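A short write-up of the structure that comes next.
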2 protein chains.
Amino acid sequence: MPQAKYFELSDARREGFFNISEAAEASGVSAKMIRHYEEIGLVPKAGRTVAGYRIYRDADVHVLRFIRRSRDLGFTMKEIAGLLGLWQDKRRASADVKRLAAKHMADLDARIAELQGMRRTLEHLVHCCHGDGRPDCPILDDLAGAARA
Amino acid sequence: MPQAKYFELSDARREGFFNISEAAEASGVSAKMIRHYEEIGLVPKAGRTVAGYRIYRDADVHVLRFIRRSRDLGFTMKEIAGLLGLWQDKRRASADVKRLAAKHMADLDARIAELQGMRRTLEHLVHCCHGDGRPDCPILDDLAGAARA
DNA sequence: CTCCACCTTCCCACCATGGGAAGGTCAAGC
DNA sequence: GCTTGACCTTCCCATGGTGGGAAGGTGGAG
């Protein structure tokens, strides 16, 4: 991100800078989240106009796009910080990237399995339920632990 | 939950009451969460000893167990409030229960599908990655959007 | 009486993504 | 030049569910 080159916004635009909503549009990351990511240090502090407006270069937008894609794949902010570090390190080993991605994949697998377990139980209960005006209900019986009696 | 019958804890115990850690142990809901559920109104206010300790009956523990089971199946607190209402309504229609459970099941399906999409993409990327000391990495290329160029 | 494990309330934290208030800025249109 | 509405800024709070921990009180075994 530009360090501290102060411009009027129109000057900045002429030099190829974007303001925050343009960066948000171009990257898919909301303006709110761009500010948040700057605050938590995920991205460097943006340059500013004399009015205090944030200004961004193509490269900055590219970083935001990286974050967007990473978020869409479910990586946590912490993991994304690690990925950004690797991306920007020309001496990185792809093994480190692979390890991080594989761990994330394992986490996803665990969560999927958990949700599928819930789904299976619910499918069974919903199937057993008449779903009419009567009060007897196997779903509630299960929740109340009657099935265990 | 008992309304306002004040006892010394030992007296309460003799009458069949449990204190909060006993209720937590018996229900699987932590003491912290029992207090929280009372605070948000999911469960009625507990009776107290003269010292201010919460005391619970078997029926109260049963409600907590119901909540535990519902949480384990991934129902939200709001949904659980609804389920509790239905459970305690002898005039309920099982159709209402079934509807609530089916909606929750659909939500689970959507979330599972989402996570599986992520997993699929990651599986492909991890597979393509050499995972050695070299810097070139298809995972980072994807995140950076190179695959889209 | 001592002491340790419990109880209480209260405040904060986590994670990621917002909403909205209050006040300032920009630029098109008149 | 002025107006106005869409933008910008910072700040504070919220969401959903589950905690951690501080400060101070209680219970009961030894």
Side-chain angles (χ1 to χ4, degrees), chain A residues 6-14 17-25 27-43 45-56 64 67-82 104 107 111 114-115 118, chain B residues 6-14 17-43 45-56 64 67-82 104 107 111 114 118:
Chain A
Y6 293 97
F7 299 89
E8 294 291 342
L9 189 58
S10 49
D11 295 337
R13 280 221 174 88
R14 249 191 307 274
F17 283 104
F18 304 109
N19 70 353
I20 196 165
S21 60
E22 289 159 345
E25 176 83 37
S27 65
V29 178
S30 70
K32 271 280 184 186
M33 293 317 301
I34 294 176
R35 291 189 196 99
H36 177 62
Y37 294 159
E38 176 183 307
E39 187 191 330
I40 64 174
L42 187 63
V43 297
K45 289 196 182 300
R48 300 289 184 111
T49 64
V50 288
Y53 282 30
R54 291 174 172 80
I55 49 177
Y56 299 93
L64 293 172
I67 294 171
R68 173 75 270 150
R69 179 66 173 149
S70 302
R71 286 297 303 127
D72 289 342
L73 291 180
F75 286 104
T76 63
M77 309 301 282
K78 190 174 173 187
E79 284 168 334
I80 293 169
H104 178 49
D107 292 343
R111 184 66 181 144
E114 191 179 12
L115 295 179
M118 295 176 189
Chain B
Y6 294 95
F7 300 87
E8 293 291 336
L9 191 58
S10 50
D11 295 336
R13 280 220 177 89
R14 246 189 313 270
F17 284 103
F18 304 109
N19 68 354
I20 196 164
S21 61
E22 287 158 344
E25 174 82 39
S27 66
V29 177
S30 69
K32 272 280 188 187
M33 292 319 298
I34 293 176
R35 290 188 198 100
H36 176 61
Y37 295 159
E38 177 182 305
E39 188 192 330
I40 63 173
L42 187 64
V43 296
K45 291 200 182 295
R48 301 290 186 111
T49 64
V50 287
Y53 281 30
R54 289 174 174 80
I55 50 177
Y56 300 91
L64 293 172
I67 294 170
R68 173 76 271 150
R69 179 64 175 151
S70 302
R71 289 295 304 126
D72 288 343
L73 290 180
F75 286 104
T76 63
M77 308 303 281
K78 191 176 173 185
E79 284 167 336
I80 293 169
H104 178 50
D107 292 343
R111 184 65 182 144
E114 192 179 11
M118 296 177 190

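The basis for the numbers below is simple: all heavy atoms, side chains too, and nothing from hydrogens, waters or symmetry mates. Note that the coordinates shown come from a computational prediction; the quantities given were computed from them, not determined experimentally. In what follows, chains are A, B, ... by sequence order, proteins preceding strands, each numbered from 1.
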When every nucleotide of nucleotides 25-30 of chain D is labelled 5' to 3' by its protein contacts under 4.0 Å (heavy atoms), B for base, S for sugar-phosphate only, - for none, what sequence of letters results? BBSS--
Within the structure shown, what part of the strands sits under 4.0 Å from [X] by heavy-atom distance: base, sugar-phosphate, or nothing?
{"X": "A:Tyr37", "result": "sugar-phosphate"}
{"X": "B:Arg54", "result": "sugar-phosphate"}
{"X": "A:Arg35", "result": "base"}

Taking OP1 and OP2 of C:dC15, is either one under 4.0 Å from a side-chain nitrogen or oxygen of A:Thr76? no
Is the distance from OP1 or OP2 of C:dA5 to the nearest side-chain N or O of B:Ser21 less than 4.0 Å? no
Whole-Å distance between [N] [atom2] and [X] [atom1]?
{"X": "B:Glu38", "N": "C:dT9", "atom1": "CD", "atom2": "C1'", "result": "12 Å"}
{"X": "B:Lys78", "N": "D:dG17", "atom1": "NZ", "atom2": "P", "result": "11 Å"}
{"X": "A:Glu79", "N": "C:dA16", "atom1": "CD", "atom2": "C1'", "result": "14 Å"}
{"X": "B:Arg71", "N": "D:dG19", "atom1": "CZ", "atom2": "C1'", "result": "13 Å"}
{"X": "A:Arg14", "N": "C:dC26", "atom1": "CZ", "atom2": "C1'", "result": "14 Å"}

Using the test side-chain contact (heavy atoms from CB on, under 4.5 Å), find all partners of B:Glu25 that sit at least two apart in sequence or belong to another chain. none
Under-3.5 Å donor-acceptor pair between B:Lys32 side chain and D:dG21 base: yes
Compare all side-chain heavy atoms of A:Arg13 with those of A:Asn19 and state whether any distance is below 4.5 angstrom. yes
